2 protein chains.
Amino acid sequence: MCFNLRKASRAVTQVYDEFLRPGGLRTTQFSLLAMLVGKGPMPIRTLADYMVMDRTTLTRNLKLVEREGLVTVRAGDDRRTRIVEITEQGRDAVKQSLPFWQDAQDFMVRELGSKTWSALRANLGETISAAQTTND
Amino acid sequence: MCFNLRKASRAVTQVYDEFLRPGGLRTTQFSLLAMLVGKGPMPIRTLADYMVMDRTTLTRNLKLVEREGLVTVRAGDDRRTRIVEITEQGRDAVKQSLPFWQDAQDFMVRELGSKTWSALRANLGETISAAQTTND
DNA sequence: CATAATTAGGTTTATATGCACATAGTGGCA
DNA sequence: TGCCACTATGTGCATATAAACCTAATTATG
């Protein structure tokens, strides 16, 4: 299953990256920014948990979008933490890329059928939870 | 969906990597070697297609397992091609890691339930095909 | 047969991923 | 108060991923 999941992930990422290309954001970056738009400013650790992404991976990914001025990172009240916040420029970037993302989404739904689509969506949610039960 | 697929891929890969660790192979490497065991020697391009992996990604991944003596790469009759073949040492590595892989598989099936498991399996297959219709 | 189009592959560059290890701040407890 | 466990983060290393560009061999076409 891990085979198939990774294959599917690569294949679908390629589709989304292709659609997103004119907007200038990679799939990873769009996901990250969209999460920040939805949830507001938060420490790196919290964002990493939301993204189901290794904390250190996120640190690297943040460097790129920070360099582009799409997010800011500042110290939190707890001075161990660093708070990530999306900038106006970041919001614009998401806004610009959103239609391309929608196109990609529409393409995949059209190809898959909305029934398979929602089944997959549900199953992936369960799979993520299942995989994370190791971290107890 | 791309979010969820990538999240699930990361989460599940971590589970498999964790289980495979004592065998000394990464998930990617195990997948690659297992494919070669199943399908026999073939050119890089063909293997990349089977793996739904970019050709250049495969080249890098091959370098690692070639360095470990797990595969050999030689020129084909068509002298543009390079034929990848698993070595005895490679077969041994797969054999050694197989039980760990099975443990990971069992863990995921147990956590997910075999019904969700097979549904997911089927959906992922469809998804891979769907995503690849872009390459027309 | 000569040349154009196609195909297989490598290399460069950039992003993505995560483990092991190190550092610094917080909070509890003797 | 002083120490220790815990938590948040960064860095070094290694692997994974793929687009862009380049070369060489094969195949198609006139």
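So you know, we letter chains A, B, ... as the sequences are listed, proteins then strands, and number each from 1. Computed from a predicted structure; not experimentally measured.
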In residues 45-71 of chain A, what residues come within less than 4.0 Å of DNA chain C, judged by heavy atoms?
Met53(A), Asp54(A), Thr56(A), Thr57(A), Arg60(A), Asn61(A), Leu64(A), Arg67(A)

Inter-residue atom distance Met53(B).CE - Asn61(B).CG, 0.5 Å rounding:
5.0 Å

Give a yes or no on this: more than 12 heavy atoms of other residues, nucleotides or ligands lie within 6.0 Å of atom OH of Tyr50(A).
no

salt_bridge([X], [Y]) N-O dist < 4.0 Å:
X         : Y         : value
Asp49(B)  : Arg45(B)  : yes
Arg110(B) : Asp106(B) : no
Glu66(B)  : Lys63(B)  : no

Just by distance, no angles: are the side chains of Asn123(A) and Thr116(B) close enough, under 3.5 Å, to form a donor-acceptor pair?
no

Identify, residue by residue, the members of residues 4-12 of chain A with a heavy atom below 4.0 Å from DNA chain D, and return them in order of residue number, or none.
Arg6(A), Arg10(A)

Listed in order of residue number, which residues of residues 81-99 of chain B have a non-hydrogen atom at under 4.0 Å from DNA chain D?
none

Taking only residues two or more places apart in sequence, or in another chain, which ones meet Glu68(A) in a side chain to side chain donor-acceptor pair (under 3.5 Å)?
none

Take Leu70(A) and Asp92(A), measure what side-chain contact (heavy atoms from CB on, under 4.5 Å) needs, and give me the verdict at the end.
CA-CA 9 Å; Leu70(A) 306 179; Asp92(A) 288 349; over 6 Å; no

Could you check how far CD of Gln29(B) sits from P of dT17(D), rounded to whole Å?
11 Å

Distance in angstrom units between Met42(A) CE and dT9(D) C1', rounded
17 Å

Return whichever of Thr27(A) or Val73(B) has its heavy-atom-nearest nucleotide of DNA chain C closer to the 5' end.
Val73(B)

Which nucleotide of DNA chain C is the first, and which the last, in the 5' to 3' direction, to come under 4.0 Å of a heavy atom belonging to chain A?
dT15(C) to dT26(C)

Heavy-atom side-chain proximity of Trp101(B) to Phe19(B) below 4.5 angstrom:
no

Apply side-chain contact (heavy atoms from CB on, under 4.5 Å) to the pair Leu47(A) and Lys39(A), showing each step before the final yes or no.
CA-CA 9 Å; Leu47(A) 183 54; Lys39(A) 304 271 184 184; over 6 Å; no

Run the side-chain contact (heavy atoms from CB on, under 4.5 Å) test on Gln132(B) and Val52(B) for me, step by step, so that the C-alpha distance in whole Å, both residues' side-chain angles and the decisive distance to 0.1 Å come before the verdict.
CA-CA 9 Å; Gln132(B) 289 183 329; Val52(B) 190; 3.4 Å; yes

When every nucleotide of nucleotides 22-27 of chain D is labelled 5' to 3' by its protein contacts under 4.0 Å (heavy atoms), B for base, S for sugar-phosphate only, - for none, what sequence of letters results?
---BS-

Would you call the rings of Phe30(B) and Phe3(A) parallel, tilted or perpendicular, taking 30° and 60° as the class edges?
tilted

